[in-house]
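Read the structure below first, then the notes.
For the numbers below, each heavy atom of this structure counts, side chains included, while hydrogens, waters and symmetry mates do not. Read the numbers this way: they start at 1 and go in the same order the structure lists the ligands and their atoms. We count residues from 1, following the sequence as given.
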Amino acid sequence: MLELSTPIKFVKRVGERVAVELAKRGVETVEDLLYHLPFRYEDRLNPVPMSALQAGTMASVIGEVRGSALLHTRHMPLFEMTVGQGLNTVKAMWFRGTYLRDKFHVGQMVALYGKLEPSRSNAGKFKMIQPQFEILPSHGGPDAEFSMLEVGRIVPVYESLGGTTAWGAKLGSKWLRRVIWSLFEELEAAGSSGMHPILRGETAKDGAPELRGPGESDFVETLPGALRKRLKLPGRLEALKAVHFPEAGTPMTELMSAATPAHRRLIFEELFYLELGLELKRRRMREREGTAFATNVKVREAIKQVLPFHPTAAQKRVLGEIATDMRKPQPMRRLLQGDVGSGKTIVAMQAALVAIENGYQAALMAPTEILATQHYLSARKLLGDVLSPRTGRPYRVTLLTGSLDEAAKREARGRIFRGETDLAIGTHALIEDKVDFDNLGLVIVDEQHRFGVQQRFRLMKKPGALDPDVLVMTATPIPRTLALTLYGDLDASVIDELPPGRTPIVTRRTTEERAEDVWQFVRKQVEAGRQAYIVYPVIEGAKDDQPELDFPRDEEVEDLNAAAGKKTAGPSTALRSAQDDTSVKGMTRTKAAAATKTKGKAVKTEKLFEPKKVLRAATDMYDELRMGPLAGLRLGLLHGRLSADDKEVTMRRFQRGDIDVLIATTVIEVGVDVSNASVMVIEHAERFGLAQMHQLRGRVGRGAAKSYCILMTGGKVSEQVEARLDAMVRTQNGFELAELDLQQRGPGEFFGTRQAGLPEFRVANLIRDRAVLELAKTEAAKFAESPDPAVSREERDAVWTRLKQQWQRKYGLVEA
Ligand code: ADP
Ligand code: MG
């Protein structure tokens, strides 16, 4: 008998061989397959008649093959086919379409899906370039049995699962429809005979227990009946069926935006369990034991004497929130959000002083050596000359980064271990196993978005009698609900105000051809006493360098886990549908030239745009500018492949003003703070993401001088790049830019899903489904808070059991 947990190989039409293929895509059980949801639908019940088609729209068209031909153009073979409906016809074209030659024959019925474009040679007619197609079953043909799945209904379209059947057919939409359809038939047959647990209860309208615990065979319904009734959510299996095979009359717009009641039910379920888990974590955290720091007059004295300026109202408020947390006996778990340049560092230093003045150690962790070193230097400057009111001696600050030599590292570790340091500043080296603290009271993680969740948790879990307080800081502006989900175990504080005296940064776009003007401008600024950054996407030659981090990303950690036999999830639905959008847009925009064959690859459409040319690289341009346009100025070079010493020396010289222009890679993206710098030039701006450009721009405008950000591009850029650059010019608001970034990249990419520790969803999309997320959050809090008398004890227990299993299986990463 089929159950949700039945291995997929036992499903009709699947078998051993195909099961192996499916497993590669994370589909191992009946349940996995049922959750492989359609990413779009075609209305083949009421298809738009060809006479009513409109140029520029995405359309699905059903018609009869009237003729086809393989043409040999100058560049590539082109397969053309005419599809007709009465007197109307549409022409479909596929580039490199040789493989289609024998696929179609006259008289066949086909369904096409793609963007309609006006025919150039034939006024009033349309063409479709690279449409998706399906050959429809014919009466009495071998496929007739399935014609009800393909025509005369709203038809689901699936992302292919890759691989082929034993006889070489693709595991695409057609195949999936058939397998999933027969799956439902089997489940329903079992249900109606009263034998099968899956549908038993589903159809019962009278409050029969629908939620089962494990051990009682499969537990199918996952939400308490009372909750479903109140929120008007359909049953789980019913919802799945309606999402795969929508009833006639379901509005297409709702289907396409995943807004049908069936979709909402599945989305809610997923988000409810996520939020419930987070809620539970928050509750547990409140029960943990931490240090209750004092914030008395003496401590406040200590803070005051190091403050180099008057804090802004926002800084004061946030410090107040932090101090309140630190006073409590529970460990603090707080997220500090604040746009670039909003002044998070000083708040962190103040928090550190609270811990230190209470006789504890504080640790500050930064994602790059440059930033760690900079924090170390400014901490020394800030704390160097003052005495601690508590001990009467100077504060002791220690730097620990990966590239220190062994002896130096050993020494630093020793000082930390023996309690001879008050504030340890470093990179991931701080969380290496060899580092033990004497009595760590506070952990601060700067630029949290650059760290993996696992790293954050490792530092939080330092052994010791009590949990240290934790403050994580990020400049990534995330809408509040998302922040609360992403950092669901944290309380949030926001610095929403910039220090006084800042003038807006003037942002301009220009092209490489105008480089001369840019260099002239840089010269002028230097003559006026300012400093400048010029940033390149790569270090040297044509090698592609990625933002340089000083630790392995979580993906790598994940890979290790995977190697150790842990299951990793497949790509999220959200990400997949985002990719699909890109592919559709990309295809029409690039016309045929860059049209891509498969959806999976389509994300890279943008790259196809860029002329194949050697990128200007930091080291080469350092030489070129030094000899040429910027001759006579003092130039410095900074990138991740320099030794730590060289980096530090260069950074210090730039800070002291001994370097006028710093040629750099994205190593300076985060945190670097030199207030006299007033120009940020980004070459190959088309290569940078919005978040990155915003961060880079944040390196200037830190002082009173008027600052400039110049975005240079070479050659023609894609629409997406245009949108990014325009947004940069238009606004300096991090939240606005983040919204666009989210739209362009989708949540998976935006958060760097694994990197951020965001769970991958099967149905939900955090951006699209924000409203449901809010609802799920409220309901989860309610559920955890007080038992709803309408929900039976068994149902509650089943929810908790499911939660536990699910969190272990899916969100194992977030569990700490
Ligand atoms: P971020 O939030 O990006 O880490 P920083 O902490 O580096 O920002 O602060 C940006 C700059 O603003 C630094 O030069 C810092 O000294 C300065 N700054 C921070 N707070 C204030 C303030 N209240 N008044 C004046 N300058 C400030
Ligand atoms: Mg900072």
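Atoms of ligand 1 lying under 4.0 Å from any heavy atom of P499, numbered from 1 in the order shown and given with element: 18 (N), 19 (C), 20 (N), 21 (C), 22 (C), 24 (N), 25 (C), 26 (N), 27 (C). Contact atoms of ligand 1 toward T345: 4 (O), 5 (P), 6 (O), 7 (O) (distance under 4.0 Å to a heavy atom of the residue). For ligand 1, the atoms lying closer than 4.0 Å to a non-hydrogen atom of P311 are 23 (N). Residue T312 has at least one heavy-atom neighbour below 4.0 Å for each of these atoms of ligand 1: 23 (N). Under a 4.0 Å criterion applied to the non-hydrogen atoms of H310, ligand 1 contributes the atoms 22 (C), 23 (N), 24 (N).
Other residues, nucleotides and ligands contribute more than 12 heavy atoms inside 6.0 Å of the CZ atom of R523.
Residue S378 holds its OG atom at 7.0 Å from CD1 of I425, rounded to the nearest 0.5 Å. Here CG of D446 is found 6.0 Å from CG of L364. Values are rounded to the nearest 0.5 Å.
Using a 4.0 Å cut-off between charged side-chain N and carboxylate O, R509 and D726 make a salt bridge. Electrostatic pairing of E648 and R652 counts as a salt bridge here, judged by a charged N lying under 4.0 Å from a carboxylate O. Salt-bridge annotation for R333 and D467: present, with a side-chain N of the basic residue lying under 4.0 Å from a carboxylate O of the acidic one. At a threshold of 4.0 Å, the pair R653-D660 does not count as salt-bridged, since none of the basic side-chain nitrogens sits closer than that to a carboxylate oxygen.
When the heavy atoms of M473, K316, Q315, E497 are ranked by distance to atom 20 (N) of ligand 1, first place goes to Q315. Counting only non-hydrogen atoms, the option in K344, R699, H375, R502 that gets closest to atom 1 (P) of ligand 1 is K344.
Listed for the D339 side chain is no donor-acceptor partner under 3.5 Å among the backbone atoms of S342.
The closest approach between any non-hydrogen atom of S342 and ligand 1 is below 4.0 Å. Heavy-atom distances between G338 and ligand 1 stay at or above 4.0 Å for every pair.
Backbone and side-chain nitrogen or oxygen atoms of V340 are examined, and none is located within less than 3.5 angstrom of a nitrogen or oxygen of ligand 1. Residue G343 places at least one N or O, backbone or side chain, under 3.5 Å from an N or O of ligand 1.
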